[in-house]
*Asks:* 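I'd like to ask you about the structure that follows.
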Amino acid sequence: MAGFDKVVTSYSDAMTGLEDGMTVIAGGFGLCGIPEGLIAQIKRQGTRDLTLVSNNCGVDGFGLGLLLEDKQISKMIASYVGENALFEQQLLSGELDVELTPQGTLAEKMRAGGAGIPAFYTATGVGTPVAEGKETRSIKGREYLLEPSIIGDFAIVKAWKADRYGNCIYRHTAMNFNPMAATAGKITVLEVEEIVEPGELEPSQIHTPGIYIDRVIKGEFEKRIEKTTTRAAKS
C-alpha cells in the first residue's frame with residue numbers, strides 16, 4: 001500500500017507541474033478555509049497567465065490577493081469582488097478579465113465538473129447580464145440557462161485532517177467550497193492542519209475520499225480574520 005501514500009514534504013513538490021496559462025480552482029470563502037501555503041507557493045514560483053476559479057480573491061496582500069500583486073492572474077472566475085481593492089482596481093481598469101458568476105452556480109460548476117457532468121441547466125441569472133450569449137431552454141414553463149461545468153488543471157484545497165492516502169475531513173466553515181473544488185481538479189493538492197495514519201479517521205466522518213486527492217502537505221496557517229468588528233469599551 002506504500003504507493004497510496006500521497007504526502008509530500010515541500011511546497012515545491014506539492015505544486016510540481018503547475019505551468020503558465022493553467023486553470024487553478026481554489027477552495028475557501030474569503031479568508032476562511034483557504035490553502036494559504038499553496039497560494040504562497042504559486043506566488044514564489046511566479047507562475048503567470050493563470051485563470052483562477054474561486055468564490056472571491058482574498059484581500060489585499062493575503063490569500064489569493066497575493067497573486068494579483070504581480071499580475072499572475074489573467075482571468076478570475078468568482079462570485080464577488082469582496083474586500084480586495086486591488087481586485088476592484090484591476091477589474092475596472094481592464095487589466096484583469098473577470099467572469100462574475102452567481103455563488104450557487106459557481107459551486108455547482110465545480111461539483112458538476114468533478115462528477116463528470118459537462119453542463120447543467122439553472123434558472124439563476126435568467127433575464128440578467130449573466131444570461132448573455134448562453135443557451136436557454138424552457139422546461140415545464142420556466143426558462144433555464146445552460147451553464148458549463150468547470151475542471152481545473154490544478155485544484156488547491158484546505159482541510160483539517162487527512163490520512164496519508166488523502167482521505168480528509170473539513171472543519172466547520174471550511175466546508176464551503178473545498179469539497180467541490182477537491183473533486184474538480186485534474187491534479188488536486190490538499191493542505192491540512194494534521195496528518196494521521198490510515199485507519200485513524202472514522203470512515204463515516206470523511207468528507208472527501210482520497211481517490212480525489214493527488215498530494216497532501218501539512219501546512220502552518222495564520223488564519224487571518226478578513227474584517228474585524230469590535231464594540232467600543234464601556235467607560
Side-chain angles (χ1 to χ4, degrees), residues 1-18 24-45 47 52-67 82-84 107 110-111 114 152 154-228:
M1 297 292 284
F4 286 84
D5 191 335
K6 299 172 182 178
V7 175
V8 295
T9 56
S10 73
Y11 281 103
S12 59
D13 286 342
M15 296 306 295
T16 296
L18 181 66
V24 178
I25 299 176
F29 187 107
L31 299 184
C32 176
I34 63 171
E36 298 174 20
L38 297 176
I39 294 169
Q41 177 60 29
I42 297 174
K43 169 81 170 178
R44 285 191 294 269
Q45 290 182 196
T47 317
L52 243 297
V53 183
S54 190
N55 184 61
N56 69 321
C57 203
V59 296
D60 295 279
F62 193 71
L64 291 174
L66 289 171
L67 306 183
E83 303 290 329
N84 195 317
M110 296 181 192
R111 192 205 67 80
F154 267 75
I156 54 174
V157 296
K158 191 263 181 183
W160 176 38
K161 288 184 180 181
D163 64 24
R164 292 183 171 274
Y165 298 165
N167 301 299
C168 66
I169 296 173
Y170 308 103
R171 190 166 185 263
H172 301 323
T173 48
M175 277 288 287
N176 46 51
F177 280 84
N178 281 301
M180 288 79 75
T183 68
K186 295 177 183 176
I187 296 175
T188 296
V189 187
L190 180 68
E191 187 175 14
V192 299
E193 297 180 38
E194 183 180 350
I195 296 175
V196 302
E197 293 303 315
E200 290 188 41
L201 299 179
E202 171 60 41
S204 64
Q205 299 302 308
I206 291 171
H207 295 128
T208 298
I211 190 67
Y212 290 106
I213 307 300
D214 296 282
R215 300 166 194 162
V216 179
I217 187 167
K218 185 180 183 300
E220 297 292 332
F221 299 92
E222 182 179 339
K223 296 184 180 180
R224 191 182 299 187
I225 297 173
E226 185 168 348
K227 190 172 184 180
T228 303

*Asks:* Are Ile211 and Tyr165 packed together at the side-chain level, in the sense that at least one heavy-atom pair is separated by less than 4.5 angstrom?
*Replies:*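 Side chain of Ile211 against side chain of Tyr165, heavy atoms only: no contact under 4.5 Å found.
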
*Asks:* Short question: side chain of Asp163, backbone of Val196 - any donor-acceptor pair under 3.5 Å?
*Replies:* no

*Asks:* Can you check whether Leu18 reaches Val24 side chain to side chain, under 4.5 Å on heavy atoms?
*Replies:*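 A side-chain contact exists here, since the closest heavy-atom pair is under 4.5 Å.
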
*Asks:* How far does OG1 of Thr208 sit from CG of Asn167, to the nearest 0.5 angstrom?
*Replies:*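 Result: 9.5 Å between the selected atoms.
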
*Asks:* Are Pro179 and Tyr170 close enough that some pair of their side-chain heavy atoms sits under 4.5 Å apart?
*Replies:* yes

*Asks:* If the condition is side chain to side chain donor-acceptor pair (under 3.5 Å), which residues does Gln45 pass it with, not counting sequence neighbours?
*Replies:* Gln41, Thr47

*Asks:* Quick one: CZ on Arg164 to CZ on Phe4, what's the gap to the nearest 0.5 Å?
*Replies:* 15.5 Å

*Asks:* To the nearest 0.5 Å, tell me how far Ile39 CD1 sits from Cys57 SG.
*Replies:*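 Here the rounded value is 8.5 Å.
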
*Asks:* Using side chain to side chain donor-acceptor pair (under 3.5 Å) as the criterion, list what pairs up with Glu202, not counting sequence neighbours.
*Replies:*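 With sequence neighbours excluded, Glu202 shows a side chain to side chain donor-acceptor pair (under 3.5 Å) to Ser204, given in chain and number order.
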
*Asks:* Filter on salt bridge (charged side-chain N to carboxylate O under 4.0 Å, His left out), then keep only pairs touching residues 56-66, sequence neighbours left out; what's left?
*Replies:* none

*Asks:* State the CG-OG1 distance between Asn178 and Thr183, to the nearest 0.5 angstrom.
*Replies:* 11.0 Å

*Asks:* Think Lys158 forms a cation-pi with Phe221, using NZ or CZ under 6.0 Å from the six-ring centre and within 45 degrees of its axis?
*Replies:*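 Yes, Lys158 sits over the ring of Phe221.
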
*Asks:* Write out all pairs satisfying salt bridge (charged side-chain N to carboxylate O under 4.0 Å, His left out) with one or both partners inside residues 209-221, taking only residues at least two apart or from two chains.
*Replies:*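 Applying salt bridge (charged side-chain N to carboxylate O under 4.0 Å, His left out) to every pair that reaches into residues 209-221, excluding sequence neighbours, yields Lys218-Glu220.
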
*Asks:* Output all residues satisfying salt bridge (Lys or Arg N to Asp or Glu O under 4.0 Å) with Lys186, sequence neighbours left out; order by chain, then residue number.
*Replies:*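 In terms of salt bridge (Lys or Arg N to Asp or Glu O under 4.0 Å), with neighbours along the sequence ignored, Lys186 is linked to Asp153.
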
*Asks:* Going from CZ on Phe154 to CG on Leu38, what distance comes out if it is rounded to the nearest 0.5 angstrom?
*Replies:* 10.0 Å

*Asks:* Sub-3.5 Å donor-acceptor pair from the side chain of Lys6 to the main-chain atoms of Leu190, do we have one?
*Replies:*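 No, Lys6 side chain to Leu190 backbone: no donor-acceptor pair under 3.5 Å.
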
*Asks:* Report yes or no: does Ser10 contribute a side-chain atom to a donor-acceptor pair with the main-chain N or O of Asp13 at less than 3.5 Å?
*Replies:*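 Here the side-chain-to-backbone pair exists.
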
*Asks:* Within a strict 4.5 Å, meaning less than it, do heavy atoms of the Val216 and Val192 side chains meet?
*Replies:* yes

*Asks:* If we only count heavy atoms from C-beta on, is the Ile156 to Glu191 side-chain gap below 4.5 Å?
*Replies:*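 No. Closest side-chain heavy atoms not under 4.5 Å.
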
*Asks:* Does atom OH of Tyr11 have more than 12 heavy-atom neighbours, drawn from other residues, nucleotides or ligands, at distances under 6.0 Å?
*Replies:*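 For Tyr11, atom OH is crowded (more than 12 foreign heavy atoms under 6.0 Å).
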
*Asks:* Any chance you could measure Arg44, atom CZ, to Leu66, atom CG, to the nearest 0.5 Å?
*Replies:* 10.0 Å

*Asks:* Would a 4.5 Å heavy-atom cut-off, applied to side chains only, mark Leu201 and Lys161 as touching?
*Replies:* yes

*Asks:* Kindly write out the residues that satisfy side chain to side chain donor-acceptor pair (under 3.5 Å) with Glu36, not counting sequence neighbours, or none if the list is empty.
*Replies:*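 None.
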
*Asks:* Within a strict 4.5 Å, meaning less than it, do heavy atoms of the His207 and Met175 side chains meet?
*Replies:* yes

*Asks:* If you compare all heavy atoms of Ser54 against all heavy atoms of Gly28, which two are closest, and at what distance to 0.1 Å?
*Replies:* OG-O, 4.4 Å

*Asks:* Hey, mind stepping through Asn176 and Thr173 against side chain to side chain donor-acceptor pair (under 3.5 Å) and telling me if it holds?
*Replies:* CA-CA 6 Å; Asn176 46 51; Thr173 48; 5.3 Å; no

*Asks:* Pair Leu52, Leu64 - check side chain to side chain contact (heavy atoms under 4.5 Å, CB included), show working.
*Replies:* CA-CA 9 Å; Leu52 243 297; Leu64 291 174; 3.8 Å; yes

*Asks:* Any idea which heavy atoms bring Gly152 and Ile25 closest together, and the distance?
*Replies:* N-CD1, 3.4 Å

*Asks:* Test your reading of the model: is there a side-chain donor-acceptor pair from Thr188 to the backbone of Ala155, 3.5 Å cut-off?
*Replies:* no

*Asks:* Under the criterion side chain to side chain contact (heavy atoms under 4.5 Å, CB included), I'd like the reasoning laid out for Leu31 against Val59: C-alpha separation, chi angles, the key distance, then a yes or no.
*Replies:* CA-CA 8 Å; Leu31 299 184; Val59 296; 4.0 Å; yes

*Asks:* Search all heavy atoms of Asn84 against all heavy atoms of Gly58 and return the closest pair with its distance.
*Replies:*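 It is CB-O, 3.6 Å.
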
*Asks:* If you take all heavy atoms of Ala159 and Cys168, which pair is closest and at what distance?
*Replies:*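 Smallest heavy-atom distance, with atoms named: CB-CB, 4.0 Å.
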
*Asks:* Any side-chain heavy atom of Val7 sitting closer than 4.5 Å to one from Ile217?
*Replies:* no

*Asks:* Quick one: do Asn56 and Phe29 satisfy side chain to side chain contact (heavy atoms under 4.5 Å, CB included)? Show the steps, please.
*Replies:* CA-CA 7 Å; Asn56 69 321; Phe29 187 107; 5.7 Å; no

*Asks:* Looking only at heavy atoms, which two atoms of Ala174 and Cys32 are closest? And how far apart?
*Replies:* N-SG, 4.2 Å

